[in-house]
Protein chains: 2
Amino acid sequence: MLKKRDIPRHRRLYEILRKHIVDRVYNEGDLLPSENELCRLYGMTRPTVRQSLAGLAADGYIIKHQGKGSIVHYLPREIGILSVSGTTTAVGDRNLKTKIIVKPVLITWPGDFMFPLNDLERESGCIYMERLRLLDGVPIFYDITYIANINLPRITSRQFEDRSLFRILREHYQIEIKGGEQRIKAINATPKINRFLKMKRGEPVLHLERKMETGTAGLHLYSSIFCNTAKYSIYGRF
Amino acid sequence: MLKKRDIPRHRRLYEILRKHIVDRVYNEGDLLPSENELCRLYGMTRPTVRQSLAGLAADGYIIKHQGKGSIVHYLPREIGILSVSGTTTAVGDRNLKTKIIVKPVLITWPGDFMFPLNDLERESGCIYMERLRLLDGVPIFYDITYIANINLPRITSRQFEDRSLFRILREHYQIEIKGGEQRIKAINATPKINRFLKMKRGEPVLHLERKMETGTAGLHLYSSIFCNTAKYSIYGRF
DNA sequence: AATTTTTACTTGTTAATACAAGTTGAATCA
DNA sequence: TGATTCAACTTGTATTAACAAGTAAAAATT
């Protein structure tokens with residue numbers, strides 16, 4: 001596990017404040033403590049505090065208003081790596097489930113992979129996994145994940161649960177998942193996808209292809225996600 | 001028009017470097033001048049330069065690599081306010097067209113608007129406009145735009161062209177469009193949407209609902225966009 | 001009681017400085 | 001000739017400082 005002292009201070013404050021917002025220490029519309037107050041509270045200087053707040057603003061947790069303060073903004077909850085509109089983080093995890101359809105397994109990269117791979121990734125083989133996410137018992141995401149087999153010993157024998165891929169990568173392999181890029185389209189699903197998502201033929205499916213940076217240069221996490229957006233839209237910022 | 005001196009220096013450097021990247025002064029994979037070189041070139045200090053570069057990194061134009069440099073990354077081209085995968089900014093605008101379906105007109109807000117409106121927006125009436133975007137003669141976006149009628153005199157009598165809504169807002173009304181939030185879903189289109197996008201019944205359509213911040217507090221630009229993603233995906237960063 | 005002015009906050013911008021950690025290529029050594 | 005070490009770069013983190021511009025509430029004025 002990463003030592004606490006290895007995390008930069010601006011990042012640590014970011015996480016503290018993010019958690020306060022997500023845990024509803026503040027209400028929507030409240031003002032966060034001012035920059036000067038946060039300096040005093042956390043023993044940091046204003047540029048460091050401002051870097052944390054800039055990150056929170058970029059990610060949509062707060063809206064900064066010059067002369068007034070930083071206004072708290074609630075975001076739709078995250079399910080796996082996607083934010084789902086029509087939900088709130090207050091609901092908790094009770095009605096969330098993840099089914100592992102294909103446990104992590106080592107394969108060769110598909111011949112026509114959705115994103116270009118660098119040489120190291122291509123040569124290292126691919127860890128492949130399929131999961132289904134359910135909300136209130138209804139499957140909403142069919143998530144296929146790929147990552148190069150670089151310094152990931154015994155990953156195929158580990159247990160996986162909700163959102164645990166990120167945690168396992170972080171805690172056991174010191175791999176931090178960051179943002180990245182995505183391609184989005186609406187498709188008619190294959191029968192297989194319809195079966196997993198329990199949708200009728202002809203119902204449209206949202207298809208996301210994502211390439212996520214990691215803290216390890218040259219190593220990316222790739223996902224192909226099929227979404228049933230009939231009831232819940234996908235939420236994002238741009 | 002905003003005076004040049006009113007734009008913060010970090011923002012100006014951001015725009016200079018962004019334009020250099022988009023205009024292909026640098027090739028994909030090239031290194032930008034180092035932070036220290038940019039300080040010397042533009043007469044700024046390192047924190048200011050770093051703020052510009054942080055913005056470029058956040059928007060996907062560069063990838064910063066500690067100890068190495070800032071690596072140039074080409075992004076898919078933008079058509080209206082969306083980035084379209086499978087295109088590059090080098091193509092130019094020759095095969096792009098915009099058709100105005102409904103000229104900007106003052107209406108009352110639809111009763112069940114897609115985003116909550118604040119009191120000022122609700123009371124000010126709504127400027128409404130519909131456009132169709134075509135690439136190579138093929139309609140790919142059907143874009144419906146709403147903005148509150150706040151300090152927008154004579155906007156309904158102005159001429160609109162490609163991407164000109166942002167320019168008119170900026171140049172004539174000093175309104176700067178920023179990022180915001182969006183909801184995404186896959187839908188079966190109504191016959192009207194099918195007709196505009198020249199799609200067959202049963203072909204799926206991507207539907208984006210966007211709320212964009214502006215530099216004017218409390219004023220937002222709203223868009224409902226229907227996309228034909230059969231040939232071109234929508235590209236985004238997260 | 002209403003309006004205006006002032007004060008004390010807030011965030012935004014910019015500069016200067018120092019050291020940490022990562023990368024690359026030249027120099028040195030075996 | 002290949003391996004190792006070192007120097008000179010790069011970006012990353014953090015502090016200190018000063019002033020600009022926006023907001024809200026208290027105080028003063030009418």
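Values below: every heavy atom of this structure, side chains too, minus hydrogens, waters and symmetry copies. Residue numbers start from 1 in every chain, and the chains themselves are labelled A, B, ... in the order their sequence lines are given, proteins ahead of strands.
Taking the six-membered ring where the residue is Trp, the centroids of A:Phe238 and B:Phe238 are separated by 6.0 Å or more.
Contact check, B:Lys68 against D:dT11: no side-chain N or O comes under 4.0 Å of OP1 or OP2. At D:dT11, none of the side-chain N or O atoms of B:His65 fall inside 4.0 Å of OP1 or OP2 (strictly under the cut-off). The shortest distance between the side-chain N/O atoms of B:Asn36 and the OP1/OP2 oxygens of D:dT10 is below 4.0 Å. Phosphate proximity of D:dA14 to A:Thr48: absent, as no side-chain N or O sits under 4.0 Å from OP1 or OP2.
Judged by the 6.0 Å distance and 45° axis criteria, B:Arg210 is not positioned over the aromatic ring of B:Phe115.
At whole-Å resolution of the value, CD in A:Glu35 and C1' in D:dA21 are 14 Å apart. Protein atom CD1 of A:Ile63 is 17 Å distant from nucleotide atom C1' of D:dT23, rounded to whole Å. Rounding to whole angstrom units, CZ of residue A:Arg50 and P of D:dA17 are separated by 18 Å. Atoms CG (B:Leu56) and P (D:dT11) sit 13 Å apart, rounded to a whole Å.
Contacts classified as salt bridge (Lys or Arg N to Asp or Glu O under 4.0 Å) and involving residues 63-75 of chain A (residues at least two apart or in different chains) are not found.
Closest approach to the A:Pro8 side chain among D:dT11, D:dA18, D:dA14 is made by D:dA14 (side chain taken as heavy atoms from C-beta onward). Considering only the side chain of B:Gln66, D:dG12 comes nearest among D:dT15, D:dT23, D:dG12.
A:Arg9 comes within contact range of the sugar-phosphate backbone alone, with a heavy-atom separation under 4.0 Å but no base atom that close.
Nearer the 5' end of DNA chain D, as judged by each residue's closest nucleotide, is the contact made by B:Gly67, out of A:Arg46 and B:Gly67.
Between the side chains of A:Thr98 and A:Arg133, at least one donor-acceptor pair of N or O atoms lies under 3.5 Å.
Nearest heavy-atom pair across B:Trp109 and B:Arg122 is CD1-O, 3.6 Å. When all heavy atoms of A:Leu53 and A:Ile62 are compared, the pair lying nearest together is O-CD1, 3.6 Å.
Here the range on DNA chain C touched by chain B, meaning any atom under 4.0 Å from one of its heavy atoms, is C:dT13 to C:dT24.
Under the 4.0 Å criterion applied to side-chain N and carboxylate O atoms, A:Arg40 and A:Glu37 are not assigned as salt-bridge partners.
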